[in-house]
Amino acid sequence: MSENPGTNLYLPFMATIQEVVRETQNIKTFRVTLNDPEQMRNFRFAPGQVGQLSVFGVGESTFVINSPPTRMEYLQFSVMRVGELTTRLHKLRKGDQIGVRAPLGNSFPFEDMKGKNVVFVGGGIGMAPLRTLLLYMLDNRTDYGDITLLYGARSPSDMAFSYELPDWLARKDMSTVLTVDNGTPDWAHKVGLIPNVLKEMNPSPENSVAVTCGPPIMIKFTIQALHALGFQDEQIITTLEKRMKCGVGICGRCNIGSKYVCQDGPVFTYAQLRELPNEL
Amino acid sequence: MSVLEGKELRIIGFLCNWCSYGGADTAGVGRFTQPTDLRIIKLPCTGRINPLFVVRAFLNGADGVLVSGCHPRDCHYTAGNFYARRRLEVLRSLLPVMGIEPARFEYTWVSASEGQRWRTVVQKFTEQIHGLGPIPAFKSGTCLEACLGTAI
Amino acid sequence: MGAARCIKKDALLTWLEEVGKSRLVLAPRAQGKSTAFLPFDPAKGISLSGLATSSPKQALIPRHEALLEFRYTKTDQVPAQTGLAVRELIPNQPTLVFGARPCDARGFTVLDRVYDAGAKRDVYYCARRDKTIVATVACTEPADTCFCNRVGGGPGDSAGSDILVTELDQLYVLEAVTQRGEAFLLEQKLPDATELADKAQAARAAVRAAMPEGDSLLGAPDKVGALFDEMPFWDGVAAKCLSCGACSYLCPTCYCFNITDESKGGQGVRVRTWDNCMSFQFTLEGSGHNPRATKSQRMRNRVGHKFCYYPTLHDGALSCVGCGRCIAHCPVSMDIRRIVSKALTYEKAAKEHSNV
Amino acid sequence: MGSQLEDLKTAIRQALPDLDVVIAWAAGPDGLAHTPLFITSESDVDLVQWDPRCSQNLAGYLPGLRGKKVGIVAKGCDARSITELLQEKLIDREQLTVFGLHCQGALDPEKIAAMADCGRYVRSAEINGGELKIVSSKGACAISLENGLLAKCFRCTGADAQPCDQFIGEHGAPPVLKDAPATTLDRLEAMSMEERFQFWEEQMGQCIRCYACRSACPLCVCQDHCAAQSREPHWVDQTDHPREKLMFQAMHALHTAGRCTECGECERACPVGLPIMTMKQALNRQIKALFDYEAGLDSEKTPPLFQFRENEEHIKERKW
């Protein structure tokens with residue numbers, strides 16, 4: 001091991017999986033601690049920053065740290081099984097060793113958002129990056145105005161973080177709406193597409209910021225809905241995903257024009273996105 | 001239990017599930033002594049064998065490759081071995097161009113009941129490979145091999 | 001410039017052999033039908049006529065390099081639990097690159113801005129860069145594919161070099177450009193040539209003056225950027241492109257890379273290899289989505305990166321040095337000069353396709 | 001030859017209104033080789049060139065343009081690739097207009113540059129009276145066209161493009177050429193196995209893994225989804241070892257076995273000039289010997305590896 005990881009951009013922290021939570025059919029959450037207690041103690045990040053998880057022998061892939069910086073017992077990553085690396089990650093168990101290169105990228109403008117009302121709109125695995133900011137705000141509740149969450153998934157069984165939902169629904173200091181595309185007989189919440197439900201909820205753009213993440217098609221229509229509700233481009237924040245390798249703005253594949261999503265992103269306001277070339 | 005003197009070589013056998021794997025099993029049940037250089041990979045049919053399996057095996061360092069399947073007209077899937085025969089016969093011409101002695105590769109047909117024949121094939125092929133010795137190695141190494149050779 | 005030394009042309013190989021005793025010498029050598037920067041072998045000589053087929057960038061960013069090695073180990077704790085050891089592999093090889101051309105050396109400055117960017121230092125690149133002396137041979141004649149003078153360089157430029165070598169009749173004059181080059185040169189047992197420096201400079205100036213002037217491409221960033229949404233333009237220029245990687249891999253400034261793990265059994269290496277933005281897989285995401293799925297989009301990124309995005313980030317410096325390798329060795333004779341010139345004069349919707 | 005060019009331009013002009021694009025050749029950057037031209041408007045037609053510098057086989061563009069109405073200019077050998085693509089149903093005959101040419105050989109720019117010793121310093125080059133006249137910084141010289149032809153021209157099986165919708169010029173026999181250069185396959189056959197293995201290790205050591213051979217191959221139809229770049233299955237690894245690059249060449253050869261028409265695009269495209277058609281040639285020889293089959297001659301035939309006979313006349317199985 002290197003004497004001081006961090007000087008080598010490509011050398012991950014060695015980490016241990018402390019817990020694996022099965023969220024849905026194809027999403028698992030990994031709770032991870034860095035092996036060196038001092039590294040773990042000194043680890044700092046801001047909500048929205050990402051990390052590269054390594055399964056040695058398979059490779060690396062980028063995931064958002066979805067636990068908040070206010071809860072540092074472990075770093076949490078939620079992973080949807082899609083390709084080679086995520087399939088291998090899903091096979092790992094408690095105690096297995098992985099590499100973590102983090103934190104990478106920028107974060108949500110959580111300082112600028114102080115005093116504002118926040119509307120979270122998350123779809124599917126897109127709830128992960130919102131979770132870190134949501135929990136951070138709940139842990140610093142007095143800094144922020146009204147907090148509204150709209151979380152949607154294809155079906156009730158596709159809802160990640162289901163064990164946290166009752167708490168969020170019950171909390172008096174936030175309002176939570178859940179929706180699914182396809183309901184089941186015992187589903188007690190909304191049935192409908194996220195943008196439609198959002199319009200129904202009719203959040204006020206007044207002193208508000210909307211934060212959204214989800215599949216590209218959902219983001220597209222959510223932004224349209226937000227515009228219809230009177231949100232300005234500067235009031236809409238999203239977080240992007242691209243194929244990444246280096247994570248530090250060198251390897252050249254996650255660029256949109258001269259911006260590198262791994263370094264200048266993944267968090268962008270819609271106003272910033274509109275300035276970028278259209279190459280999502 | 002090598003019946004041949006000296007170092008064991010690496011021979012890869014691609015065997016079809018229905019005939020030759022059965023034949024090898026029959027040879028085993030019959031307790032026929034055989035050389036132990038052969039490592040068997042079972043496939044559903046010789047028709048499943050991409051000739052590149054053979055090339056990859058050689059380039060990964062196999063000293064010999066043996067393919068064995070059902071006798072012609074006995075294929076469990078009717079015609080897999082007929083296609084295989086054409087492909088493997090074409091492959092045979094590629095190996096010497098690459099610098100791989102063509103006799104390092106053979107294909108044959110052994111049925112599930114032919115334990116004795118299986119032993120003959122394995123014995124003769126193993127002898128043939130021992131006659132040729134280890135496959136030439138690449139002079140250049142890679143970082144991967146360098147790593148494999150050192151202890152961290 | 002600093003110290004100047006000279007060496008007779010017929011003594012060059014002997015000198016390189018001497019240098020080779022204490023450091024790796026990479027010099028252009030013909031092998032088969034191409035010329036590449038290879039470890040110097042006195043028996044095989046060097047080839048200094050014209051531009052090598054491949055650029056010397058592999059001295060600093062090799063075609064592949066192992067970043068880390070890893071090994072899984074069995075532990076006796078919980079059953080089936082494995083331990084893991086990981087080690088970084090930092091290069092540590094003093095090197096002399098001899099026979100780079102001024103465009104090649106300028107290419108190193110393009111790489112420096114990316115790999116040695118203040119707080120964000122790529123330790124592998126920097127370790128190599130710090131231990132590498134670049135001795136550049138000034139050009140005596142531009143090839144028909146050369147256009148260094150249109151992208152801010154010149155056939156006798158010293159940017160990116162530690163030592164600039166100028167041919168004078170039967171001599172090579174070696175002049176130190178950087179401190180590192182100076183220190184290296186002073187260690188060499190070569191005769192002083194301070195009085196030849198003026199002559200060498202005059203020789204370089206004469207070559208520069210004789211080089212046909214072409215329209216400058218330095219103004220490309222705005223225009224190339226403005227064409228982003230002009231898909232017919234990109235469809236037109238990319239039509240004949242095969243989407244192979246010859247241009248990227250021969251280019252002295254293309255620096256994009258891939259990182260993959262290769263292993264056998266429980267051990268292996270994490271390797272960094274050259275990658276190519278013209279490849280479909282380059283941006284292909286796990287979900288199957290590809291932001292640059294078509295050849296035209298990839299061509300737009302390739303030209304855009306060199307003539308717009310990179311200059312935007314680095315004070316207008318283009319990431320093209322005009323060596324012309326991509327033109328000379330393209331299987332379909334794509335000509336990046338013509339693409340950029342076309343972009344500079346392109347009138348939107350003037351023509352559905354633009355043949356280049 | 002001038003009139004053949006004019007006839008070609010006229011034919012393209014006439015057909016263009018009904019086509020989305022016509023693929024032809026135009027002057028390249030250095031005068032030694034022409035470059036592909038995608039014609040979509042009348043004014044592009046003026047750029048068309050036809051002479052022995054039209055070396056590239058344009059058929060490789062066709063599968064990527066499937067769904068469009070495409071015109072293509074083809075030499076005799078190029079048409080074999082078109083036949084093969086039709087045979088494999090990778091392109092649609094009714095969407096395709098072939099402007100067929102009679103060809104008397106195409107030039108090898110690398111060979112010419114070497115013969116003229118002009119490197120990349122060509123000022124001008126023109127064809128005149130059976131010669132390519134080159135002016136370079138080293139002076140002027142003339143190369144007889146016959147001496148500068150591609151290796152494949154010495155094995156020409158038909159100078160006239162077939163299939164063809166519009167034939168331009170006169171039909172005729174292939175050029176009569178003497179002194180065919182020795183192929184790498186011939187040279188290899190004179191070597192021991194050990195030497196052959198070393199030969200490939202040396203050659204593949206020069207490969208920069210740009211995959212131009214694959215991208216240029218008209219029959220490599222997987223292109224963007226090539227097995228060589230797949231992680232699962234992991235056919236080749238990314239380490240820069242000659243073994244892996246040789247493995248890729250074996251893949252290319254076996255994937256085109258019984259399909260390769262020896263158009264030579266792989267070698268022509270290779271930026272470092274590796275003899276990578278050799279393995280394909282060896283397979284073709286074997287296929288000719290075993291099945292009496294040559295690819296790209298009959299679009300109705302079933303390729304030999306897509307069929308079998310219960311009794312294979314030319315296959316001698318080993319008796320154990």
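What's counted below: heavy atoms across the whole structure, side chains too, no hydrogens, waters or symmetry copies. Proteins get letters first, then strands, A, B, ... in listed order; numbering begins at 1 in each.
- Between D:S137 and C:E141, the side chains place a donor N or O and an acceptor N or O closer than 3.5 Å (distance only, hydrogens not considered).
- Neither the backbone nor the side chain of C:S54 comes within less than 4.5 Å of any heavy atom of chain D.
- D:K111 NZ: more than 12 foreign heavy atoms inside a 6.0 Å radius.
- When each of D:R231, D:E265, D:R268, D:H34 is checked for heavy-atom pairs under 4.5 Å with chain C, D:R231 comes out on top.
- Only the side chain of C:R337 comes within contact range of chain D, judged by heavy atoms closer than 4.5 Å.
- Checking side-chain atoms of D:Q238 against main-chain N and O of C:V271 turns up no donor-acceptor pair under 3.5 Å.
- Judged by distance alone, the side chain of D:Y211 and the main-chain N or O of C:G245 form no donor-acceptor pair under 3.5 Å.
- C:Q281 places no side-chain N or O within 3.5 Å of a backbone atom of D:Q229 that could act as its donor or acceptor partner.
- Taking CG of C:N290 as the reference point, atom CG of D:D224 lies at 8.5 Å (rounded to 0.5 Å).
- Once rounded to the nearest 0.5 Å, the distance linking CG of C:L242 with SG of D:C210 reads 10.0 Å.
- Considering only heavy-atom pairs separated by less than 4.5 Å from chain D, the leading option among C:G32, C:S34, C:G324 is C:S34.
- Within a 6.0 Å radius of CD in D:E202, other residues, nucleotides and ligands contribute 12 heavy atoms or fewer.
- The main-chain N or O of D:D240 is found under 3.5 Å from a side-chain atom of C:H64 such that the two form a donor-acceptor pair.
- In this structure, SG in C:C241 is found 8.0 Å from OH in D:Y61, a value given to the nearest 0.5 Å.
- Atoms OG and CD, on C:S243 and D:Q223 in that order, are 8.0 Å from each other to the nearest 0.5 Å.
- Looking at C:P142, the atoms closer than 4.5 Å to chain D (heavy atoms on both sides) all sit in the backbone: N, CA, C or O.
- How far CZ of C:R338 is from OG1 of D:T35: 8.0 Å, rounded to the nearest 0.5 Å.
- Taking NZ from C:K264 and CG from D:D237, the interatomic distance works out to 7.5 Å, rounded to the nearest 0.5 Å.
- Heavy atoms closer than 4.5 Å to chain D are found in the side chain of C:T273, but not in its backbone.
- Using modelled atom types, no side-chain atom of C:T53 and backbone atom of D:V272 make a donor-acceptor pair closer than 3.5 Å.
- Contacts between C:A328 and chain D at a heavy-atom distance below 4.5 Å involve backbone atoms as well as side-chain atoms.
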